[in-house]
K.L.:
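Handing you this structure, nothing more for now.
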Amino acid sequence: RHRVGALFVPGGYASETRLGRTVKCWSVDSCSAPGRANRMKQRKVAITAIVAAGVVAAFVLVWCRTAGPTYEGKSVAQWFKLFRTASSAEQEDARDAFKTFGDQAAPYLLSVLTRPRFPSQLKTSYAKFLSALPAFLKKVLPDVSTEDIASLAADELLRAIRPSAKVLMSRLKPWLSNPKHSRHLQAVLLLGTVGDGASEAVPFLVQALQSTNQYHRRFAVQSLQDLGTEARAAVPALIGALYDAATVHRAIRALGNIGPEAKDAVPHLERFLTSTHRYVAAVALHKINPDGRGLRFLIEAAKDPNSR
């Protein structure tokens, strides 16, 4: 590059002569090859951040267009934002709004749960880009660090509205049909949110309980616990889950939530009255048979100051 030389000048920057022209730099390092490499790296980061901003803007536009129905002048998306960011009282208003929406809110909440996630490198670049923007722009562009919070909020609201099987199952079946699908586990867990027609979800959960993957079994028994009495057809499978260390605790709870229709599980549950699961087993037994051994066990435990 015909570099002649570089020197410090009183103004606080350095200069060098390139092809007969003097170029001023903030330091000797920035005039050097490493300095130029650093500037190129910064440009790449800036370009990546701009692309990230474009992707986020696209997401925002899509959400705005698919916000769905309205209630009291607010769209589903606006109520969702209120639920995530407002005061406790306003959050309860938002929760009530979602219960009013019912099945109509399910597609939006599912879109939040399944939206594409930022790759970690892209997320870091976007965060740097966002931090350098004026305050009014920061308010417009979403903060990718809230992704997990949004997912938790969407899951909570789905469990509050309990969408019908008619709405939910058609969306989950493609994921449930293939245990290797990237969203299979998520689908198994979401089956626990089904409201009307929840019995339609039970065969999928019973099948997941037979999996060699312990997480499939754990998530399946958790969803069966959430379905309550609608999981009655899964009683034989849940009795088997009592003897699986990965699922025993939630299986006991699930059987208790089914109630009297889980009476076939009573002899199996009674075995746990002398185990570390004795209290949860006693509660389950009481739910299944209010006059049985579970109640007597709980009364005796209440009298014993050393019981835990």
Side-chain angles (χ1 to χ4, degrees), residues 155-156 158-160 162 165 168-169 172 175-177 179-180 184-308:
D155 182 80
E156 181 179 346
L158 269 176
R159 295 179 186 282
R162 301 199 71 83
L168 204 56
M169 294 303 296
L172 299 183
W175 305 343
L176 293 166
S177 61
K180 294 184 179 180
H184 181 78
L185 274 176
Q186 186 177 29
V188 170
L189 197 57
L190 286 173
L191 287 176
T193 70
V194 181
D196 291 341
S199 58
E200 189 178 338
V202 174
F204 293 97
L205 296 172
V206 170
Q207 183 178 0
L209 274 178
Q210 314 308 316
S211 173
T212 56
N213 185 319
Q214 67 164 315
Y215 295 104
H216 290 194
R217 302 196 304 274
R218 285 173 187 249
F219 280 30
V221 78
Q222 181 173 333
S223 288
L224 287 168
Q225 177 186 332
D226 293 338
L227 291 182
T229 57
E230 292 295 325
R232 62 181 72 88
V235 168
L238 286 169
I239 291 174
L242 291 174
Y243 300 96
D244 179 351
T247 57
V248 54
H249 188 80
R250 289 191 180 278
I252 294 172
R253 289 181 178 275
L255 288 165
N257 288 350
I258 292 171
E261 292 186 77
K263 61 181 182 298
D264 290 346
V266 169
H268 302 273
L269 291 170
E270 287 179 341
R271 298 178 184 180
F272 289 95
L273 292 176
T274 56
S275 73
T276 55
H277 301 289
R278 56 189 178 276
Y279 295 109
V280 67
V283 171
L285 285 165
H286 179 57
K287 288 181 176 180
I288 295 170
N289 180 12
D291 299 321
R293 286 186 63 189
L295 178 60
R296 294 195 297 274
F297 182 91
L298 292 172
I299 291 174
E300 292 302 318
K303 293 178 180 178
D304 183 1
N306 298 317
S307 67
R308 295 190 179 186

K.L.:
For the residue pair Arg250 and Gln225, confirm or rule out a side-chain donor-acceptor distance under 3.5 Å.
P.N.:
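Gln225 and Arg250 do have a side-chain donor-acceptor pair below 3.5 Å.
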K.L.:
Mark yes when over 12 heavy atoms from residues, nucleotides or ligands other than Asn289 sit less than 6.0 Å from its CG; otherwise mark no.
P.N.:
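Buried by this count: over 12 neighbours within 6.0 Å.
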K.L.:
Where is the tightest heavy-atom contact between Val221 and Ala254, given as atom of each residue plus distance?
P.N.:
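Scanning both residues completely, I find the closest heavy atoms to be O-CB, 4.3 Å.
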K.L.:
Rounded to the nearest 0.5 Å, what separates atom CD in Glu261 from atom CD in Glu230?
P.N.:
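Between Glu261 CD and Glu230 CD, I get 9.5 Å after rounding to 0.5 Å.
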K.L.:
Grab the two heavy atoms, one from Val194 and one from Leu227, that are nearest each other, plus how far apart they are.
P.N.:
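Closest approach of Val194 to Leu227: O-CD2, 3.8 Å.
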K.L.:
Please work out which of the three classes, parallel, tilted or perpendicular, describes the rings of Phe272 and His277, given edges at 30° and 60°.
P.N.:
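Ring orientation, 0 to 90° scale: perpendicular.
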K.L.:
Could you measure the distance from the CG atom of Asp291 to the CZ atom of Arg296? Nearest 0.5 Å is fine.
P.N.:
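Atom-to-atom, Asp291:CG and Arg296:CZ are 9.0 Å apart.
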K.L.:
Which value, rounded to the nearest 0.5 Å, describes the distance between Leu238 atom CG and Leu209 atom CG?
P.N.:
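Rounded to the nearest 0.5 Å, the CG-CG separation comes to 6.5 Å.
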K.L.:
Using only atom types and a distance under 3.5 Å, with no angle test, would you say the side chain of Thr247 pairs donor to acceptor with the backbone of Arg217?
P.N.:
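No.
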K.L.:
If you round to the nearest 0.5 Å, how far is NE2 of His184 from CZ of Phe219?
P.N.:
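Phe219 CZ to His184 NE2: 10.5 Å, rounded to 0.5 Å.
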K.L.:
Between Tyr243 and His268, what is the ring plane arrangement, given parallel below 30°, perpendicular above 60°, and tilted in between?
P.N.:
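It falls in the perpendicular class, over 60°.
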K.L.:
Could you pull out the closest heavy-atom pair between Lys263 and Pro267, with the gap in Å?
P.N.:
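For Lys263 versus Pro267, the nearest heavy atoms are O-CD, 4.1 Å.
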K.L.:
Could you check if a side-chain atom of Val188 sits within less than 4.5 angstrom of a side-chain atom of His216, using non-hydrogen atoms only?
P.N.:
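No. Closest side-chain heavy atoms not under 4.5 Å.
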K.L.:
Between Ile252 and Ala284, which heavy-atom pair has the shortest distance, and what is it?
P.N.:
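Between these two residues, the closest heavy atoms are O-CB, 3.5 Å.
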K.L.:
Pair up each side-chain donor or acceptor in residues 200-207 with any protein partner under 3.5 Å, not counting sequence neighbours, and list the distances.
P.N.:
residue: Glu200; atom: OE2; partner: Lys173; partner atom: NZ; Å: 3.4

K.L.:
Can you tell me how far CG of Leu176 sits from CD of Gln186, rounded to the nearest 0.5 angstrom?
P.N.:
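Those atoms lie 11.0 Å apart.
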K.L.:
Indicate the atoms forming the closest heavy-atom contact of Ser177 with Pro179, along with that distance.
P.N.:
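Ser177 and Pro179 have their closest heavy atoms at O-CD, 3.8 Å.
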K.L.:
What pair of heavy atoms forms the shortest contact from Ala220 to Ala208, and how long is it?
P.N.:
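That would be CB-CB, 3.6 Å.
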K.L.:
Is there a donor-acceptor contact under 3.5 Å from the side chain of Arg162 to the main chain of Gly192?
P.N.:
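A pair under 3.5 Å: yes.
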K.L.:
Around atom OH of Tyr215, are there more than 12 heavy atoms from other residues, nucleotides or ligands closer than 6.0 Å?
P.N.:
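No, not enclosed.
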K.L.:
Atom CD1 of Ile258 and atom CD1 of Ile288: how far apart are they, to the nearest 0.5 Å?
P.N.:
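One gets 8.0 Å once the value is rounded to the nearest 0.5 Å.
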K.L.:
If you apply the rule side chain to side chain contact (heavy atoms under 4.5 Å, CB included), what do you find for Asn213 with Leu185, and how did you get there?
P.N.:
CA-CA 10 Å; Asn213 185 319; Leu185 274 176; 5.5 Å; no
K.L.:
Looking at Ser223 and Leu189, would you say the former's side chain and the latter's main chain have a donor-acceptor pair under 3.5 Å?
P.N.:
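The answer is yes, because a donor-acceptor pair under 3.5 Å joins these two groups.
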K.L.:
Counting C-beta onward and ignoring hydrogens, is there a side-chain heavy-atom pair between Asp226 and Asn257 closer than 4.5 Å?
P.N.:
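No, their side chains stay 4.5 Å or more apart.
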